[in-house]
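Please read the structure below before turning to the comments.
What you are looking at is a predicted structure, and each value in this text was computed from that prediction instead of being measured. Values reported hereafter were calculated over all heavy atoms of this structure, with side chains retained and with hydrogens, waters and symmetry mates removed.
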Amino acid sequence: MDDRLTEQELVRREKAAALKEKGIDPFGDRFDRTHNTETFKAAFSRFSKEELHDLPNPEIVRIAGRIMTRRIKGKAGFEHIQDQYGQLQLYIRQDVVGDEQYELFTSGDIGDIVAVHGTAMITNTGELSLKVTNYLHLVKALRPLPEKFHGLVDVEERYRRRYLDLIMNDKSMATFVLRSKIIQKLRDHLNAKGYLEVETPVLHPILGGANARPFTTHHNTLDMPFYLRIAPELYLKRLLVGGFDCVYEIGRLFRNEGMDTKHNPEFTTIELYLAYSDLEGMMDLCEELIAEVAQATIGTTTVTFEGEEIRLARGWKRAHMLDLIQEKTGIDFRKITDFEEAKAHALSHKLPVEKHMTSVGHIVNLFFENFCEKELIQPTFVHGYPIEVSPLTKKEPGDPRFTQRFELFIGGREYANAYTELNDPLDQKERFLNQLKEKALGNEEANEMDADFVEALEYGMPPAGGIGIGIDRLVMLLTGNPSIRDVLLFPTMRQRAK
RNA sequence: GACCCGCUAGCUCAGCAGGUAGAGCAUUUGACUUUUAAUCAAAGGGUCGGGCGUUCGAAUCGCCCGCGGGUCACCA
């Protein structure tokens with residue numbers, strides 16, 4: 001802690017001490033409000049200035065909030081207080097509240113939290129305000145707020161001290177309120193369809209469910225290592241074996257990868273499974289879910305993101321990966337079965353072929369990621385993923401080189417990943433063995449063998465569709481924020497030097 | 001991890017052919033009973049991100065370090 005106080009901090013500490021001497025707790029207690037700034041405006045904005053002035057029995061309302069601006073003009077003054085919903089102007093007159101309370105008003109500071117009683121009024125400039133009859137101090141702010149006009153601009157400070165960002169930038173507050181509502185609507189929608197929300201372990205003894213580098217930790221009593229989960233998939237599927245019909249989990253995943261405007265080491269997804277469904281079922285559910293959440297939260301299914309108008313209304317494009325690659329490069333991978341031929345195409349397109357890429361499917365995936373993803377602006381389900389990169393997905397019935405998997409792309413970014421779930425334990429075991437081979441060849445993101453999961457499948461998992469949707473990215477899209485850090489309340493930051 | 005940019009008062013920013021550090025808001029004091037980026041008058045407030053170097057002299061030039069942002073790479 002910095003123990004050198006600025007002049008302003010000293011003054012505020014002295015003011016706190018002075019309050020205490022008067023018998024007022026500088027960090028006060030409960031105050032029962034009748035209104036917040038929003039309900040106050042809803043209740044009184046229908047009246048004219050004259051009507052409010054002439055009300056025979058004006059309602060005494062009780063409101064609390066943080067002082068954001070002050071204009072003291074001798075024996076009367078104004079200030080705006082703010083709560084989560086907005087601001088409200090207070091009009092305080094010495095001849096109404098009395099000398100003691102007027103002194104509380106004039107000696108208060110921007111940033112303090114106050115509580116008032118009063119009646120609605122409209123000022124000469126037409127602003128619905130509160131004429132204060134009782135002015136109470138609630139909480140002293142020992143530090144000054146950022147400047148009122150520009151607010152808090154410094155990006156680092158906005159992330160490290162998000163509370164100041166929320167106080168000063170109403171756009172930031174709006175983003176996080178919307179984030180909560182988006183998640184709430186996801187829940188509402190699924191709950192209404194009969195899905196059950198479940199919680200599965202965050203500490204995983206075995207790496208699986210996705211391809212990613214993990215965080216590792218250690219449990220002292222068990223004296224064993226754990227991974228922070230990179231995906232909840234294998235646990236949720238065990239629940240399908242157990243008889244759950246449709247489940248979902250909203251929660252944090254952890255991946256020890258790079259950070260940028262689209263990636264944070266911890267991020268939030270919703271993952272859900274529906275027994276007796278398949279990939280088609282997941283496509284229908286996905287577009288229904290996102291279109292309806294958009295409509296319910298931002299009131300439209302058309303959004304502008306990074307200069308592109310994106311239409312989320314249902315009826316999204318569905319495309320086979322091989323067709324997209326052929327469109328962009330002219331190469332028809334349906335006809336290529338020889339790895340060396342595929343590799344030669346990759347090299348002539350300057351694609352980096354890594355050691356663990358040992359079959360055509362790896363090259364197909366490489367082509368798709370490098371030439372197709374960025375072009376998919378309108379919502380597009382891309383299906384036909386190679387089996388090599390889809391170790392948990394059921395094969396295409398007609399062509400075992402590919403799987404019943406899709407990813408959803410919007411604005412050139414992945415938003416969701418879905419499968420017809422692999423429920424054949426013998427096939428699953430083989431896939432795990434292939435993953436182990438890749439791991440041996442240097443693919444750090446390969447799955448580990450999860451024998452316990454295979455055993456669960458041996459008891460029989462119903463045919464099922466499953467999907468995971470990146471919630472942070474969905475929030476970015478619906479709130480128009482191009483950086484993931486602007487939709488995370490407390491984005492991961494390096495510890496600041498003392 | 002690489003490259004580019006930034007870091008000056010509580011906040012927002014000037015100052016950078018090197019010559020004792022500035023403004024606005026905020027703070028303090030005074031005036032003001034419908035103001036709203038209130039106004040008017042006066043005052044206080046800084047190890048210029050940290051360190052080393054060049055120099056008679058560094059916020060300014062050089063090197064190293066820290067933190068952040070952007071782009072790229074890996075990934076969702």
Side-chain angles (χ1 to χ4, degrees), chain A residues 2 4-12 14-15 49 53 67-80 87-97 102 106-107 109-111 121-127 129 131 141-161 164-165 167-168 210-214 230-231 253-269 271 352 354 369-370 373 407-409 413-417 443-445 468-474 476 482-486 491 493-498:
Chain A
D2 197 345
R4 286 197 328 272
L5 297 177
T6 66
E7 182 191 4
Q8 294 192 57
E9 289 172 318
L10 285 170
V11 168
R12 284 167 182 249
E14 282 161 16
K15 285 181 178 177
K49 179 169 161 59
H53 188 266
I67 303 172
M68 298 304 289
T69 64
R70 299 196 316 149
R71 295 167 293 283
I72 300 172
K73 302 170 45 61
K75 294 184 173 61
F78 296 87
E79 67 187 11
H80 276 96
Q87 295 198 350
L88 174 67
Q89 178 170 259
L90 308 181
Y91 177 45
I92 303 113
R93 295 173 57 115
Q94 187 167 23
D95 60 6
V96 174
V97 300
Y102 197 73
T106 56
S107 65
D109 285 304
I110 288 174
M121 65 170 280
I122 291 178
T123 63
N124 287 344
T125 52
E127 180 169 346
S129 306
K131 186 171 183 182
L142 295 181
R143 291 172 182 257
L145 287 182
E147 192 230 354
K148 65 186 168 192
F149 189 60
H150 298 91
L152 186 65
V153 172
D154 185 87
V155 183
E156 181 171 356
E157 290 302 317
R158 291 209 301 117
Y159 296 156
R160 287 190 191 277
R161 296 198 275 187
L164 286 183
D165 180 42
I167 292 170
M168 300 308 298
N211 293 13
R213 278 150 61 191
I230 58 172
L253 306 185
F254 305 85
R255 296 190 185 176
N256 208 338
E257 315 266 3
M259 297 168 63
D260 58 29
T261 50
K262 301 183 200 65
H263 301 87
N264 196 68
E266 49 181 305
F267 62 104
T268 301
T269 65
E271 197 156 302
E354 291 177 46
E369 286 179 352
N370 282 281
E373 277 191 13
E407 289 195 356
L408 166 65
F409 289 87
R413 301 173 179 191
E414 185 192 337
Y415 279 76
N417 183 19
N443 184 359
E444 287 182 75
E445 296 171 359
I469 302 173
I471 287 185
D472 308 293
R473 289 186 176 181
L474 182 61
M476 288 163 68
S483 171
I484 193 171
R485 295 186 195 99
D486 289 318
M493 303 284 275
R494 197 186 287 274
Q495 184 91 31
R496 187 157 24 190
K498 109 186 166 54

Determine the Euclidean distance between corresponding [atom1] atoms of [M] and [N]; express it in Å to zero decimal places.
N     : M     : atom1 : result
B:C7  : B:U12 : C1'   : 14 Å
B:U29 : B:C65 : C1'   : 45 Å
B:U60 : B:U8  : C1'   : 11 Å
B:U27 : B:C61 : C1'   : 36 Å
B:A17 : B:A59 : P     : 15 Å
B:G22 : B:G44 : P     : 12 Å
B:A14 : B:G30 : P     : 35 Å
B:U39 : B:C32 : C1'   : 9 Å

Can you measure [X] atom [atom1] to [N] atom [atom2] for me and round it to whole angstrom units?
X      : N     : atom1 : atom2 : answer
A:M259 : B:G68 : CE    : P     : 8 Å
A:M68  : B:A37 : CE    : P     : 15 Å
A:D165 : B:G68 : CG    : P     : 17 Å
A:F254 : B:A76 : CZ    : C1'   : 14 Å
A:E156 : B:C7  : CD    : P     : 13 Å
A:E127 : B:A38 : CD    : P     : 11 Å
A:H150 : B:G24 : NE2   : C1'   : 8 Å
A:N256 : B:A76 : CG    : C1'   : 14 Å

Classify the nucleic acid contact of [X] as base, sugar-phosphate or nothing, counting any heavy atom under 4.0 Å across all strands shown.
X      : value
A:N417 : nothing
A:R158 : nothing
A:G258 : base
A:Y159 : sugar-phosphate
A:M121 : base
A:T269 : nothing
A:G151 : sugar-phosphate
A:T6   : sugar-phosphate

Any carboxylate oxygen within less than 4.0 angstrom of a Lys/Arg side-chain nitrogen, looking at [X] and [Y]?
X      : Y     : answer
A:R71  : A:E79 : no
A:D95  : A:R93 : yes
A:D109 : A:R70 : no

- Hey, what do you get for CG (A:D486) to CD1 (A:I484), rounding to the nearest 0.5 Å?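 CD1 of A:I484 is found 10.5 Å from CG of A:D486.
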Ignoring backbone atoms, establish whether [X] has a side-chain N or O less than 4.0 Å from OP1 or OP2 of [N].
X      : N     : result
A:R71  : B:U35 : no
A:R494 : B:G68 : yes
A:R413 : B:A76 : no

Using Watson-Crick or G-U wobble geometry with both distances under 3.5 Å, which nucleotide pairs with [N]?
N     : answer
B:U35 : none
B:C7  : B:G66
B:C16 : none
B:A41 : B:U29
B:G57 : none
B:G1  : B:C72

- Message: A:R413: which residues meet the salt bridge (Lys or Arg N to Asp or Glu O under 4.0 Å) condition with it, sequence neighbours left out?
- Response: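 A:R413 satisfies salt bridge (Lys or Arg N to Asp or Glu O under 4.0 Å) with A:E306 only.
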What pair of heavy atoms forms the shortest contact from [X] to [Y], and how long is it?
X      : Y      : result
A:M476 : A:P482 : CE-O, 3.5 Å
A:L145 : A:L164 : CD2-CD2, 4.0 Å
A:Y91  : A:M121 : CD2-SD, 3.5 Å
A:R213 : A:E445 : N-CG, 3.9 Å

- Give the nucleotide from the list B:U34, B:C67, B:C11 with an atom nearest to the side chain of A:R161.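 The closest nucleotide is B:C11.
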- Item | Contacts of type side chain to side chain contact (heavy atoms under 4.5 Å, CB included), residue A:L10, not counting sequence neighbours |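 With sequence neighbours excluded, A:L10 shows a side chain to side chain contact (heavy atoms under 4.5 Å, CB included) to A:L5, given in chain and number order.
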- May I ask you to verify whether the side chain of A:D260 and the base of B:C74 hold a donor-acceptor pair under 3.5 Å?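 Yes, the side chain and the base share a sub-3.5 Å donor-acceptor pair.
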- Query: On a plain distance test, is the side chain of A:Q89 in donor-acceptor contact with the base of B:U35 below 3.5 Å?
  - Reply: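 Yes, a donor-acceptor pair under 3.5 Å.
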- Do A:Y159 and A:D165 have side-chain atoms, one donor and one acceptor, less than 3.5 Å apart?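 A:Y159 vs A:D165: no donor-acceptor pair found between side chains.
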- Pairwise 5' ranking along RNA chain B for A:V153 and A:N124, keeping only the more 5' one: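 Closer to the 5' end of RNA chain B: A:V153.
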- Report the residue (A:H80 or A:K262) whose heavy-atom-nearest nucleotide on RNA chain B is the more 5′ of the two.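 The residue whose closest nucleotide sits nearer the 5' end is A:H80.
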- Message: Does the structure show A:F78 stacking with B:A38, if we require the centres to be closer than 5.5 Å and the planes to be within less than 30 degrees of parallel?
- Response: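 Stack criterion not met.
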- In terms of base orientation, is B:A17 syn or anti, with the syn window spanning 90° either side of 0?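 Base orientation: syn.
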- Under 4.0 Å protein heavy-atom contacts per nucleotide of nucleotides 25-33 of chain B, with B for base, S for backbone only and - for none: BBSS---BB
